[in-house]
Trainee: 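Dropping the structure in here first, questions after.
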Amino acid sequence: MTRILVTGGAGFIGSHYVRELLTGGYPAWADAEVTVLDRLTYAGNLANLAPVEGRYAFEHGDICDAGLLARVVPGHDVVLNFAAESHVDRSIASAGEFVRTNVLGVQTLMQACLDAGVPRVVQVSTDEVYGSVETGSWDEDAPLAPNSPYSAAKAGGDMIALAYFRTHGLPVSLTRCGNNYGSYQYPEKVIPLFATNLMDGGSVPLYGDGGNVRDWIHAADHCRGIQLVAERGAPGEVYHIAGTAELTNLELTGRLLDALGLGWDRVERVADRKGHDRRYSLSDAKLRALGYAPMVPFDEGLAGTVRWYEANRDWWEPLKNSAGRDR
Ligand code: NAD
């Protein structure tokens with residue numbers, strides 16, 4: 001039996017991983033015994049794990065809490081860290097929590113894994129640590145040049161995790177991925193924000209000239225990549241998980257309007273995000289050499305996501321009502 005600790009497992013991507021793991025999505029770990037540790041911030045929600053309720057152990061807690069980790073981490077064969085403050089706009093408004101969880105939290109967790117002798121650790125990270133690139137794609141040894149407090153804090157956590165490998169030999173691998181979409185994504189992020197605003201008869205706020213480019217990936221493909229790194233990645237190495245659709249925000253908005261049969265009169269131009277990165281792009285040749293290939297075509301994934309939000313108002317309406325029109 002493989003005993004797996006998933007930190008941040010009640011968030012968007014972590015919960016996708018846990019649902020998949022507990023429903024046979026990763027055959028190598030079909031016998032997994034799963035613990036989810038999550039602080040349940042505004043972004044954490046046990047409803048995200050409702051489809052697998054009763055099939056995992058839950059610890060309500062903080063990855064910055066060394067005492068809690070000293071109790072929970074020992075005995076696990078694998079620790080995967082999805083826990084983070086993840087929304088760039090919130091990091092612009094207030095950065096303290098981002099540094100606390102994304103840097104200190106990672107250090108506290110790595111130390112707990114080292115103390116417990118955990119044989120396999122995966123730290124989940126983002127393409128945003130590289131900053132912005134006009135043309136071409138980053139490979140794993142590109143220099144880090146983060147621009148937002150979110151990405152700077154993630155870069156700090158990445159450096160700490162790698163330092164635990166280089167200094168102490170902690171068997172940790174890192175993954176860095178592009179922009180995710182899919183079901184159960186908190187409706188502050190652009191795809192669920194736009195989709196749910198449109199479903200409510202409202203407008204969508206489009207930043208600046210709409211020319212910012214993101215490389216979109218379905219959370220199912222991201223999690224498949226993380227699983228491959230957990231099973232076959234080398235300690236101390238970074239692996240990219242690239243998207244399947246490079247789109248400007250204008251193009252993305254057009255796809256969402258088309259999916260819902262609506263027009264551009266629903267789009268409201270708003271001032272650009274401060275320090276807005278223009279383009280992210282990852283090369284994923286290293287992970288593909290391990291056998292990775294994305295499986296969800298963007299148009300299919302987007303249509304399925306829109307259908308999910310249409311069918312699951314009960315999940316997102318309470319979140320939108322508490323969050324107002326955050327984006
Ligand atoms: P999310 O905000 O939906 O979920 C984060 C989860 O972490 C929540 O359940 C929250 O309660 C939990 N959490 C936050 N602080 C915590 C703490 N101190 N202790 C314990 N739990 C805590 O984020 P997400 O979109 O699912 O992202 C998961 C990971 O993937 C993050 O590390 C993020 O940086 C990375 N990532 C996300 C994307 C994306 O597009 N969403 C892209 C690349 C990488």
Side-chain angles (χ1 to χ4, degrees), residues 5-19 35-49 58-66 68-69 72-73 79-91 96-109 112 122-130 146 148-158 161 174-193 214-219 221-223 225-226 238-243 252 277 280 282 284 305 316 319 323 326:
L5 174 62
V6 183
T7 51
F12 162 48
I13 302 167
S15 72
H16 184 97
Y17 180 83
V18 172
R19 292 192 305 274
T35 308
V36 171
L37 184 153
D38 199 293
R39 188 183 174 196
L40 298 180
T41 67
Y42 78 95
N45 186 351
L46 288 179
N48 299 356
L49 293 169
F58 182 66
E59 290 284 346
H60 184 194
D62 192 328
I63 58 165
C64 299
D65 182 344
L68 172 78
L69 295 181
V72 173
V73 171
V79 173
L80 299 115
N81 182 33
F82 295 83
E85 286 294 333
S86 70
H87 191 41
V88 173
D89 288 331
R90 286 180 187 259
S91 82
E97 269 312 305
F98 287 73
V99 175
R100 204 186 78 89
T101 289
N102 300 0
V103 184
L104 181 62
V106 174
Q107 182 272 323
T108 311
L109 183 61
V122 178
Q123 165 66 13
V124 176
S125 189
T126 168
D127 59 0
E128 300 192 27
V129 296
Y130 298 113
S148 72
Y150 162 68
S151 53
K154 289 295 292 185
D158 288 9
L174 265 64
T175 61
R176 294 189 179 130
C177 186
N179 276 44
N180 280 227
Y181 70 97
S183 54
Y184 297 98
Q185 187 171 28
Y186 194 87
E188 65 185 353
K189 303 278 167 63
V190 63
I191 288 182
L193 175 78
R214 298 294 181 261
D215 190 17
W216 291 96
I217 181 168
H218 196 280
D221 281 331
H222 183 186
C223 289
I226 290 169
V238 177
Y239 295 88
H240 287 168
I241 306 170
L252 175 68
D277 288 332
Y280 305 126
L282 295 173
D284 63 359
T305 301
W316 58 262
L319 303 179
D326 262 335

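For ligands, and for the atoms within them, numbers begin at 1 and follow the listed sequence. Just so you know, these numbers use all the heavy atoms, side chains as well, and skip hydrogens, waters and symmetry mates. One-based numbering along the sequence shown.
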Trainee: Donor-acceptor pair, distance only, cut-off 3.5 Å: does the side chain of Asn180 make one with the backbone of Gly178?
Mentor: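 Pair found, side chain donor or acceptor close to backbone of Gly178.
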Trainee: Verify side chain to side chain donor-acceptor pair (under 3.5 Å) between Tyr280 and Glu128, making sure each step is shown before the conclusion.
Mentor: CA-CA 7 Å; Tyr280 305 126; Glu128 300 192 27; 3.2 Å; yes
Trainee: Do Tyr130 and His240 meet the criterion of a side-chain donor-acceptor pair at a distance under 3.5 Å?
Mentor: yes
Trainee: For Asp158, enumerate each residue passing the side-chain hydrogen bond (donor to acceptor under 3.5 Å, both in side chains) test, keeping only those at least two apart in sequence or located in another chain.
Mentor: Ser125, Arg176
Trainee: Taking only heavy atoms of the protein into account, state which residues are under 4.0 angstrom from an atom of ligand 1, in chain and number order.
Mentor: Gly8, Ala10, Gly11, Phe12, Ile13, Asp38, Arg39, Leu40, Thr41, Ala43, Gly44, Gly61, Asp62, Ile63, Phe82, Ala83, Ala84, Ser86, Thr101, Val124, Ser125, Thr126, Tyr150, Lys154, Cys177, Gly178, Asn179, Asn180
Trainee: Whether Arg90 and Glu188 form a salt bridge (side-chain N of Lys/Arg under 4.0 Å from carboxylate O of Asp/Glu) is what I want to check.
Mentor: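 Salt bridge between Glu188 and Arg90, a charged N being under 4.0 Å from a carboxylate O: yes.
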Trainee: Side-chain contact, heavy-atom cut-off 4.5 Å: Cys64 with Arg39?
Mentor: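 The answer is no; the side chains never approach within 4.5 Å.
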